2 protein chains.
Amino acid sequence: MNAIICTVDVVLLTLQDEALHVALLQRDHPPFAGVLALPGGYVHADEDVDTGDAAMRMLREKTGIESPYLEQLATFSGRARDPRGWSISVAYYALVPWQVIATARHPELSLLAVDQVRALPFDHQQIIATAVRRVRDKSSYSSLPVYLCADRFTLPQLQSVYEAILGTPINKVSFRRKIDELDILEPVAGALETGKAHRPAQLYRVKKRFYRQLSLSDRALSSR
Amino acid sequence: MNAIICTVDVVLLTLQDEALHVALLQRDHPPFAGVLALPGGYVHADEDVDTGDAAMRMLREKTGIESPYLEQLATFSGRARDPRGWSISVAYYALVPWQVIATARHPELSLLAVDQVRALPFDHQQIIATAVRRVRDKSSYSSLPVYLCADRFTLPQLQSVYEAILGTPINKVSFRRKIDELDILEPVAGALETGKAHRPAQLYRVKKRFYRQLSLSDRALSSR
DNA sequence: CCACTTCGTTGCACAATGCAACTAAGAAAG
DNA sequence: CTTTCTTAGTTGCATTGTGCAACGAAGTGG
């Protein structure tokens with residue numbers, strides 16, 4: 001029996017121009033050498049503790065990024081998805097603020113709007129679609145989108161992040177109520193957004209204890 | 001480099017005596033031969049279309065059951081979980097009515113209440129815990145629990161299934177409103193539950209078009 | 001100092017949820 | 001045959017959550 005190919009792929013998502021973007025890299029080995037694809041590669045049994053560890057390594061090696069949020073997405077498998085043979089890819093997704101990607105050391109990294117992704121090798125398009133669906137679902141009842149924000153941000157900024165992900169406007173008052181209930185943010189004393197020709201907004205940061213932990217709401221933010 | 005061991009494990013859940021139970025089997029091969037564990041085994045690259053297919057095969061071969069609901073749960077991996085070496089297990093979970101297990105051809109199958117499961121081989125305890133968490137979460141905003149019901153059931157029966165899974169009483173009126181909104185059930189004309197010394201309840205069945213498809217609610221059933 | 005814009009809050013209308021009380025419909029007891 | 005008991009299923013109302021509009025607040029720029 002042929003050995004099964006074990007890989008890990010990472011869907012690195014960020015927000016640019018009010019739209020979710022996915023980070024893609026040119027593959028440097030066959031199959032599909034030179035083609036844009038998700039950062040990924042073989043699981044190294046002698047090096048990786050588990051596939052989550054492999055995903056972190058992949059992100060670090062291929063993009064120079066350490067993401068505070070990295071979650072297992074799903075596993076994709078079968079004969080057809082990889083020309084090399086029957087394969088398993090354990091997919092992960094990560095969320096980072098756009099600034100983190102901009103300052104990462106890998107310039108050959110491409111950002112594509114997730115709804116303009118087409119014709120990727122393997123089943124990477126399906127993996128991305130699954131990740132986007134997961135992020136949208138989870139955003140409607142959790143604090144997930146704060147991982148797309150810089151370390152300090154205003155509530156109007158955060159609202160526009162939610163709106164970009166969910167693809168629908170949110171009522172300002174309801175939004176602020178929900179965020180307040182989650183109880184994950186604290187105002188940065190005396191820090192206001194500057195430079196705009198109107199009343200400045202209060203800057204917030206995530207409370208320390210929620211830095212790496214999602215907060216869930218028992219009711220969704222907006223109807224569908 | 002050592003080849004990575006690729007397996008599939010299935011968490012087969014059912015409801016018995018108002019409590020979630022998991023189906024376990026005595027392993028017939030080492031490691032842990034003779035010990036109770038989740039039904040599972042190697043992925044067969046020459047036989048299985050993908051891991052979902054492998055999971056169905058595992059269920060069929062080891063328990064004789066074909067489950068209408070079988071969903072990928074998560075993938076568990078690493079050096080430590082299997083004494084044979086670095087391994088990946090793609091875990092699936094299935095929900096079936098108790099009667100299906102009772103009439104299955106495999107008598108050596110054990111049902112254990114999920115909160116009394118202890119000391120299983122590999123990381124099967126963790127896999128079960130993950131499955132139970134998933135089922136509880138999903139039940140609060142979906143029709144998932146109907147997969148634990150026989151093909152005909154009353155609304156009070158369905159409510160008690162929800163209550164058993166969620167571990168909390170649900171308001172009768174709210175429950176019926178939610179189920180009604182999901183619009184997945186139809187009354188079986190003229191069929192009433194018999195044999196009880198009180199007003200008989202209407203029997204319902206799942207509408208054909210929802211037989212294999214979940215219906216989601218945009219609001220959770222009960223607060224936590 | 002006034003116009004303009006967005007921030008952030010308040011009050012209120014409307015919708016969803018939960019509770020209690022009610023009627024309905026059977027079996028069992030007298 | 002009538003009464004009692006128990007659960008099914010519904011109705012009305014109190015409570016809570018959500019969405020909208022309007023308002024004062026606080027900055028910039030003319």
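All figures in this text were calculated on a predicted structure; none of them were measured in a lab. Lettering follows sequence order; numbering is per chain, from 1.
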Non-neighbouring partners of B:Arg133 that pass salt bridge (Lys or Arg N to Asp or Glu O under 4.0 Å), sequence neighbours left out
none

Near-strand residues of residues 176-190 of chain A, defined as heavy-atom separation under 4.0 angstrom from DNA chain D:
A:Arg177, A:Lys178

Using atom CG of A:Leu221 as one end and atom P of C:dA16 as the other, report the distance to the nearest whole Å.
17 Å

Look at the rings of A:Phe175 and A:Tyr162 and say which category their plane angle falls in: under 30° parallel, 30 to 60° tilted, over 60° perpendicular.
perpendicular

Can you give the dot-bracket line for DNA chain D, where a pair is Watson-Crick or G-U wobble with both atom distances under 3.5 Å, crossing pairs use [ ], and | marks a partner on another strand?
||||||||||||||||||||||||||||||

Over how many whole Å does the gap from A:Tyr141 atom OH to D:dG17 atom P extend?
21 Å

Using 4.0 Å as the upper bound for N to carboxylate O, is an ion pair formed by B:Arg81 and A:Asp50?
no

Letter by letter from the 5' end, nucleotides 21-30 of chain D scores (B base, S sugar-phosphate only, - none; protein heavy atoms under 4.0 Å) B--BBBBS--

CZ of A:Phe153 versus C1' of C:dC7: gap in Å, rounded?
16 Å

Length of the line joining A:Ile170:CD1 and D:dG19:P, which is rounded to integer Å
10 Å

How many Å lie between CD on B:Glu193 and P on C:dA25, as a whole number?
16 Å

Check: A:Ser215 main-chain N/O paired with A:Ser143 side-chain donor or acceptor under 3.5 Å
yes

I want to check something: taking the side chain as every heavy atom from C-beta on, are B:Arg176 and B:Pro156 in contact at a cut-off of under 4.5 Å?
yes

Return each pair, listed once, that meets salt bridge (charged side-chain N to carboxylate O under 4.0 Å, His left out) where at least one residue sits in residues 189-199 of chain A; pairs must be two or more places apart or across chains.
A:Glu193-A:Lys196

A:Thr7 side chain near A:Ser87 side chain, heavy-atom distance below 4.5 Å:
no

Taking atom P of D:dC20 as reference, at what distance in whole Å does atom CZ of A:Phe175 sit?
16 Å

With a 4.5 Å cut-off on side-chain heavy atoms, are A:Leu120 and A:Ile127 touching?
no

Check whether any side-chain N or O of A:Glu186 sits under 3.5 Å from a backbone N or O of A:Tyr204 as a donor-acceptor pair, and report yes or no.
no

Name the atoms and distances for all side-chain donor-acceptor pairs under 3.5 Å in residues 71-78 of chain B, with sequence neighbours left out.
from	atom 1	to	atom 2	distance (Å)
B:Glu71	OE1	B:Tyr69	OH	2.5
B:Glu71	OE1	B:Tyr93	OH	2.6
B:Glu71	OE1	B:Lys138	NZ	3.1
B:Glu71	OE2	B:Lys138	NZ	3.0
B:Gln72	OE1	A:Thr75	N	2.7
B:Gln72	NE2	A:Thr75	O	2.9
B:Gln72	NE2	B:Tyr92	OH	3.4
B:Thr75	OG1	A:Thr75	OG1	2.4
B:Ser77	OG	A:Thr51	N	2.9
B:Ser77	OG	A:Thr51	OG1	3.1

Is there a side-chain contact between A:Val22 and A:Leu38, using heavy atoms and a 4.5 Å cut-off?
yes

